[in-house]
Amino acid sequence: GGTLFFDNFNRTLASGLGPSWRIDSGAWRDNDKANSDADAPDEASVIGLSCADCSVEAKMVNFGATTAALDLRHTSTGDRYDVALLANGHLQIRRHNGGVVTVLGDVPSGIADLTSWSTIALSATGAGPVQLVAAVDGVAKVSAVDTSAAAITTAGTAGLWTNLSGVLFDDFTVTDMSSGGAVDAGTPDAGTPDAGTPDAGTPDAGTPDAGSPDAGSPDGGTPGTVIFADDFQRTLCCDLGPNWFIPVGGWRDNNKANSDRSGLDRAVVAGVSCADCGIDARMVNFGGGEAMLELRGAGGDRYALALRADGVLEIRRYRGGTSTVLASAPSGVPDIANWSSFTFVVKGGSPVVLTGSVNGVVKVAAQDSGSLALTGSGTAGLAAIQSGILFDSFKLTAR
């Protein structure tokens, strides 16, 4: 990896950002920083730059009144990926394609004061699928995997975007990631790159592939080893059998796991603990509650992949009684009252890499780092928030 472009905007220009920049819309000026200058979409892109596997990073202030974004793979037609800091403090990864804006990931940025400088970054790598990671002040906050037909797979330039005058950008840097060096979504450091070691197969937050195991050393066995499986082919009035422990709520088994209380129902596999592992299961939530797969459970702390009643898929962290949404995306399930297959994978520790798939296609991904991340081994299980939610074909595999 290496720096492809850098600009610290240390000049004074009443109009424009200098010869290295094209003003695509709106207006800009340079007063020792890039300064948007029209109350309309203001967009600027680097002239003569083209990269596919690269990252963009800059300091930004959006004053809590608008949206400020950095973009990559910006084509001549305006298609691009961007990382957007919203007025409410959320951070989004978005795809702009054919004039349609699709939010691929949305999490709280953790920025305490939007009127002060923060460093925002976005990396884009790969093409089948495209792997995107966004960071704040060197800490990965959200990632997304774009497998759709609308994915932007070609090289493009990088740039700035906002929709209000007076939004500030500084220290704009574009870095090459094609060499697979230790360049991550934040400031380059001495640790493992944030999305795992690049390899010869599918990018690292997805299904384990033909390259090196993606997020670190497996712990539950050789990757691909089945740790536990249950097809629930039995009839039990009041539990799921001796291989399961029910910490809260109730369950019954009628050839499928069936939640049995109008409240939180959790069931965990008894006597099994793993850190780098994944759950495959079929689920039906009937549009009236939430159906969840859980990993790294310890008491009430755990990670969960949740299918909401509105069809949205969320990756959550439960820690100390607080639930935090790490990423969310449409599940793409046309009818959640019918069976669909879900996969939830959790791997690594710095950061923790989490992915959720529907019918074999990655739909949502996140990275969790910092003091609240769940880095140790834990239980695996099921959860629901109302009675009559169904699960079947549960399989826990070392990843």
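Counting from 1, the numbers follow the sequence of the chain as shown.
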TODO: Working to the nearest 0.5 Å, report the span between CG of L86 and CD of Q92.
DONE: 4.5 Å
Open item on the list: Main chain of L374, side chain of Y303: is a donor-acceptor contact present, judged purely on distance under 3.5 Å?
Closed with: yes
TODO: Taking all non-hydrogen atoms of both residues into account, name the closest pair between L114 and G89 and its distance.
DONE: CD1-N, 3.8 Å
Open item on the list: I'd like to know if the side chain of D82 and the backbone of L70 have a donor-acceptor N/O pair within less than 3.5 Å.
Closed with: no
Task: Within-4.5 Å side-chain heavy-atom neighbours: V312 and S331 - done: no
Open item on the list: To the closest 0.5 Å, what do you measure between CG (D260) and CG (D239)?
Closed with: 10.5 Å
TODO: Without swapping roles, check the side chain of N97 against the backbone of G99 for a donor-acceptor pair under 3.5 Å.
DONE: no
Open item on the list: How long is the straight-line distance from CD1 of I336 back to CG of N285, given to the nearest 0.5 Å?
Closed with: 4.0 Å
- [ ] Give the cluster check for V333 versus I385: same hydrophobic cluster or not, with ILVMFWY residues linked at side-chain heavy-atom distances below 4.5 Å.
- [x] no
- [ ] Group every Ile, Leu, Val, Met, Phe, Trp and Tyr by side-chain heavy-atom contacts under 4.5 Å, then state whether V56 and M60 land in the same group.
- [x] yes
Task: Donor + acceptor pair across side chains of T12, N31 (<3.5 Å) - done: no
Open item on the list: Taking the side chain as everything from C-beta on, heavy atoms only, tell me whether F342 gets closer than 4.5 Å to L293.
Closed with: yes
Open item on the list: Measuring only between side-chain heavy atoms, which start at C-beta, is L91 closer than 4.5 Å to P108?
Closed with: no
- [ ] Might you work through the side-chain contact (heavy atoms from CB on, under 4.5 Å) test for V358 and L313, ending with a clear yes or no?
- [x] CA-CA 9 Å; V358 179; L313 202 63; 3.8 Å; yes
Open item on the list: Quick one: does any side-chain atom of N255 pair with a main-chain N or O of Q233 as donor and acceptor, under 3.5 Å?
Closed with: no
Open item on the list: Would R95 pass as a cation-pi partner of Y81, given that its NZ or CZ must be under 6.0 Å from the six-membered ring centre and within 45 degrees of the axis?
Closed with: no
Open item on the list: For R308, is there an ion pair with E290 - N to carboxylate O distance below 4.0 angstrom?
Closed with: no
Task: D276 and R296 ion-paired at < 4.0 Å - done: yes
Task: With sequence neighbours excluded, residues passing ring-ring contact (aromatic ring centres under 6.0 Å, His included) with F169 - done: W28
TODO: Give a yes or no on whether the backbone of S15 and the side-chain of D37 come within a donor-acceptor separation of less than 3.5 Å.
DONE: no
- [ ] Look up atom CG in D42 and atom OG1 in T162, then write down how far apart they are to the nearest 0.5 Å.
- [x] 6.5 Å
Open item on the list: As a quick check of understanding, evaluate side-chain hydrogen bond (donor to acceptor under 3.5 Å, both in side chains) for W244 and D230, giving each step before the final call.
Closed with: CA-CA 10 Å; W244 292 86; D230 196 344; 2.8 Å; yes
Open item on the list: Taking the side chain as everything from C-beta on, heavy atoms only, tell me whether S377 gets closer than 4.5 Å to C274.
Closed with: no
Open item on the list: Using a strict threshold of under 4.0 Å (side-chain N to carboxylate O), is an ion pair present between K363 and E314?
Closed with: no
Task: R94 CZ to L104 CG distance, which is reported to the nearest 0.5 Å - done: 10.5 Å
TODO: Begin with the C-alpha distance, continue with both residues' side-chain angles, and end with the deciding distance and a verdict on side-chain contact (heavy atoms from CB on, under 4.5 Å) for R302 and R316.
DONE: CA-CA 8 Å; R302 70 239 187 232; R316 302 174 182 168; over 6 Å; no
- [ ] Assess the side chains of H96 and D79: does a donor N or O sit below 3.5 Å from an acceptor N or O?
- [x] no
TODO: Heavy atoms only: give me the nearest G356-I315 pair and the separation to one decimal.
DONE: N-CD1, 4.1 Å
Open item on the list: Could you see if V269 belongs to whatever hydrophobic cluster contains L382? Use Ile, Leu, Val, Met, Phe, Trp, Tyr and a side-chain cutoff under 4.5 Å.
Closed with: yes
Task: Backbone of L390 reached by a side-chain donor or acceptor of N258 within 3.5 Å - done: no
Open item on the list: Tell me whether D30 contacts the main-chain N or O of D32 through its side chain, where contact means a donor paired with an acceptor under 3.5 Å.
Closed with: yes
TODO: Look only at the side chain of S259 and the backbone of Q386, and say whether a donor-acceptor pair between them is shorter than 3.5 Å.
DONE: yes
- [ ] Taking atom types as modelled, find out whether S45 and D24 have a side-chain donor-acceptor pair closer than 3.5 angstrom.
- [x] yes
TODO: Could you walk me through whether Q131 and T125 pass side-chain contact (heavy atoms from CB on, under 4.5 Å), step by step?
DONE: CA-CA 5 Å; Q131 172 76 36; T125 55; 3.7 Å; yes
- [ ] Anything under 30° is parallel, anything over 60° is perpendicular, the rest tilted; go ahead and classify W21 against F9.
- [x] tilted
- [ ] Report yes or no: do V130 and L122 belong to one cluster of Ile/Leu/Val/Met/Phe/Trp/Tyr joined by side chain heavy-atom distances under 4.5 Å?
- [x] yes
TODO: Provide the closest heavy-atom pair for I246 versus G249 in the form atom of the first, atom of the second, distance.
DONE: CG2-O, 3.7 Å
Open item on the list: Is the distance between the ring centroids of W251 and F391 under 6.0 Å?
Closed with: yes
- [ ] Considering non-hydrogen atoms only, spot the tightest contact between A155 and S50 and give its length.
- [x] CB-OG, 3.4 Å
Task: Side chains of C277 and L396 in contact at under 4.5 Å (non-hydrogen atoms) - done: yes
Task: Side chain T147, main chain P129, donor-acceptor under 3.5 Å - done: no
TODO: Indicate whether the side chain of D280 and that of T343 have a donor and an acceptor atom separated by less than 3.5 Å.
DONE: yes
- [ ] Please confirm whether the backbone N or O of F5 pairs with a side-chain atom of T3, one donor and one acceptor, at under 3.5 Å?
- [x] no
Open item on the list: For residues L132 and V325: do they belong to one hydrophobic cluster (side chain heavy atoms under 4.5 Å, members Ile, Leu, Val, Met, Phe, Trp, Tyr)?
Closed with: no
TODO: Could you tell me whether D368 and R317 make a salt bridge, using a distance below 4.0 angstrom between a side-chain N and a carboxylate O?
DONE: yes
Task: R80/E43 ion pair, N-O < 4.0 Å - done: yes
Task: Co-members of V361 in a cluster of I, L, V, M, F, W and Y side chains, linked at under 4.5 Å - done: none
- [ ] Starting from the C-alpha separation in whole Å, work towards a yes-or-no answer on side-chain contact (heavy atoms from CB on, under 4.5 Å) for T67 and W161.
- [x] CA-CA 8 Å; T67 299; W161 185 94; 4.1 Å; yes
Task: Side chains of K256 and R282 in contact at under 4.5 Å (non-hydrogen atoms) - done: no
- [ ] Kindly compute the distance separating CG (L85) from OG (S109), expressed to the nearest 0.5 Å.
- [x] 5.5 Å
Task: Ionic contact status for D137 with K141, cut-off 4.0 Å - done: no
Task: For the student: nearest non-hydrogen atoms of C54 and V174, plus distance - done: CB-CG1, 4.4 Å
TODO: Answer whether the closest heavy-atom distance between the side chains of V139 and V136 falls below 4.5 Å.
DONE: no
- [ ] Please tell me if the side chains of V364 and L305 come closer than 4.5 Å, counting only heavy atoms from C-beta onward.
- [x] yes
Task: Heavy-atom pair of closest approach, residues N8 and D171 - done: CB-OD1, 3.5 Å
